[in-house]
Amino acid sequence: MNPLGKLDWTPVLLSCQVATLAATLLLPAAIAVAWWLARSKSPMRWLVETVVNLPLVLPPVVTGFLLLILFAPRGWLGSRLGAMGIVLVANWYAAVIAAAIVSFPLAVQAVKLAFRQTDRELENAAQTLGAGPWTTFARISLPLARRGVIAGWFLAFARSLGEFGATIMIAGNIAGQTQTIPLAIYSHANSGLSGYQNAWPLVIVAILLSFAALLAGHWLERRAV
């Protein structure tokens, strides 16, 4: 008899799907915000950075509650999306939204650090030679910060794998549909001794996946320049 129970691959595959999509979808916005924070001298920069980092300190359940109010069928955005036949509550798309919101600050911080460490003289030289702001960004700034961008993706992926509170609020805990690794572990832990045995394989997989993603992210972040 296996004391650890049998591994259920459905939550694992769903978690990887949700985390991959969330980290990928948030990346363009994270790059834009990170570049602005790294380059802007606006007195409002501190306020923008505070808002960006808010999901790091808010209880995830609060974040999930706000998302639920926003995307619920009668919510401000949910009602408009519903008119177009789009539902972003109680499905895996909702889990992607929750994961993207809570992991966004980590991606921004990693990319911002990479932009701050790039050689500004190369950017100035490109502009002196006639390159516009967009060309300078696309051909100089972004390639130089590429390791930080990839590190930001891995950190967002790792955070998305562990998302629980916001996910259960907006996506629910529906087996086979929205039940990611943390939600499956929670369900097993509340179903008695046999549930603990079934939770252990998921715990081990979660640790391994998160460790690998964090290790890759931190390694790339250290080599951002």
Side-chain angles (χ1 to χ4, degrees), residues 16-58 60 62-64 66-67 70-71 77 88 93-163 166 210 212-225:
C16 290
Q17 178 179 321
V18 167
T20 299
L21 190 55
T24 302
L25 291 177
L26 68 82
L27 200 57
I31 292 171
V33 173
W35 184 87
W36 185 85
L37 291 173
R39 295 290 186 265
S40 176
K41 297 180 180 179
S42 170
M44 299 299 292
R45 184 177 57 188
W46 67 270
L47 180 59
V48 174
E49 190 154 13
T50 299
V51 172
V52 167
N53 289 329
L54 201 55
L56 287 177
V57 295
L58 275 179
V62 173
T63 302
L66 295 175
L67 290 174
L70 182 64
F71 288 104
L77 189 55
L88 294 178
Y93 302 108
V96 172
I97 293 173
I101 293 297
V102 298
S103 58
F104 184 75
L106 292 177
V108 170
Q109 293 303 321
V111 180
K112 181 185 70 173
L113 178 61
F115 279 132
R116 284 183 174 173
Q117 292 178 336
T118 56
D119 191 346
R120 296 293 300 274
E121 292 185 1
L122 294 176
E123 296 177 350
N124 295 334
Q127 293 176 355
T128 300
L129 294 173
W134 171 249
T135 301
T136 301
F137 171 79
R139 295 188 177 182
I140 304 296
S141 305
L142 189 57
L144 289 174
R146 66 187 182 281
R147 292 186 184 275
V149 172
I150 300 172
W153 187 93
F154 274 108
L155 292 174
F157 177 85
R159 177 62 185 87
S160 297
L161 283 175
E163 169 47 37
S210 299
L214 282 174
L215 187 64
H218 286 308
W219 181 76
L220 287 165
E221 195 173 22
R222 289 171 63 89
R223 298 187 59 186
V225 179

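Note that the coordinates shown come from a computational prediction; the quantities given were computed from them, not determined experimentally.
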Enquirer: Any heavy-atom pair between the side chains of L122 and T118 that's under 4.5 Å?
Expert: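 Side chain of T118 against side chain of L122, heavy atoms only: no contact under 4.5 Å found.
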Enquirer: So, taking the atom named CG in L66 and the one named CG in L54, what distance separates them when rounded to the nearest 0.5 Å?
Expert: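 So the gap between those two atoms works out to 9.0 Å.
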Enquirer: When rounded to the nearest 0.5 angstrom, what is the spacing between CG in L47 and OG in S42?
Expert: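 Those atoms lie 9.5 Å apart.
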Enquirer: Taking all non-hydrogen atoms of both residues, which atom of L144 and which atom of D119 are closest, and how far apart?
Expert: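 Smallest heavy-atom distance, with atoms named: CD1-N, 4.5 Å.
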Enquirer: Can you give me the closest heavy-atom contact between A151 and A110, atom names plus distance?
Expert: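 Heavy atoms of A151 and A110 come nearest at C-CB, 4.4 Å.
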Enquirer: Kindly compute the distance separating OG1 (T135) from CD1 (I140), expressed to the nearest 0.5 Å.
Expert: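 That separation rounds to 10.0 Å.
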Enquirer: Looking only at heavy atoms, which two atoms of P105 and N53 are closest? And how far apart?
Expert: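 That would be CB-OD1, 3.8 Å.
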Enquirer: With rounding to the nearest 0.5 angstrom, report the OG to CZ distance, S141 to R146.
Expert: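 Reported value, rounded in 0.5 Å steps: 13.0 Å.
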Enquirer: Is there side-chain contact between L113 and Q117, with heavy atoms separated by less than 4.5 Å?
Expert: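 Yes, side chains in contact.
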Enquirer: Taking NZ, NE, NH1 and NH2 as the nitrogens, is one of them in E163 or R159 under 4.0 Å from a carboxylate oxygen of the other?
Expert: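 Looking at E163 and R159, the cut-off is met.
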Enquirer: Rounded to the nearest 0.5 Å, what's the gap from CH2 on W153 to OG on S160? Could you check?
Expert: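 Between W153 CH2 and S160 OG, I get 9.0 Å after rounding to 0.5 Å.
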Enquirer: Heavy atoms only: give me the nearest V18-A99 pair and the separation to one decimal.
Expert: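 V18 and A99 have their closest heavy atoms at CG1-CB, 4.1 Å.
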Enquirer: At what distance, to the nearest 0.5 angstrom, does CG of L142 lie from OG1 of T136?
Expert: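 Between atom CG of L142 and atom OG1 of T136 there are 12.5 Å.
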Enquirer: My understanding is that only residues two or more places apart in sequence, or in another chain, count here; which of them pass side chain to side chain contact (heavy atoms under 4.5 Å, CB included) with A107?
Expert: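 For A107, the residues satisfying side chain to side chain contact (heavy atoms under 4.5 Å, CB included) (neighbours in sequence not counted) are L26, A30, A156.
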Enquirer: Applying side-chain contact (heavy atoms from CB on, under 4.5 Å) to L56 and L106, what does each step give before you reach the verdict?
Expert: CA-CA 8 Å; L56 287 177; L106 292 177; 4.1 Å; yes
Enquirer: Could you tell me if the side chain of K112 sits less than 4.5 Å from the side chain of W35, heavy atoms only?
Expert: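 Result no, sub-4.5 Å side-chain heavy-atom pair not found.
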Enquirer: Is there side-chain contact between L161 and F157, with at least one heavy-atom pair below 4.5 Å?
Expert: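 In contact.
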Enquirer: Flag the pair R39 and E123 as a salt bridge only when some basic side-chain nitrogen lies within less than 4.0 angstrom of an acidic carboxylate oxygen.
Expert: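 Yes, charged N to carboxylate O under 4.0 Å.
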Enquirer: Tell me the closest heavy-atom pair linking V62 and L58, and the distance in Å.
Expert: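 In this case the closest contact between V62 and L58 is CG1-CD2, 4.1 Å.
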Enquirer: If the condition is ring-ring contact (aromatic ring centres under 6.0 Å, His included), which residues does W46 pass it with, not counting sequence neighbours?
Expert: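 ring-ring contact (aromatic ring centres under 6.0 Å, His included) list for W46, sorted by chain: empty.
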Enquirer: Using 30° and 60° as the class limits, which term best fits the ring planes of F115 and F137: parallel, tilted or perpendicular?
Expert: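 F115 and F137: tilted rings.
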Enquirer: Step by step, work out the side-chain contact (heavy atoms from CB on, under 4.5 Å) result for F154 and L214.
Expert: CA-CA 7 Å; F154 274 108; L214 282 174; over 6 Å; no
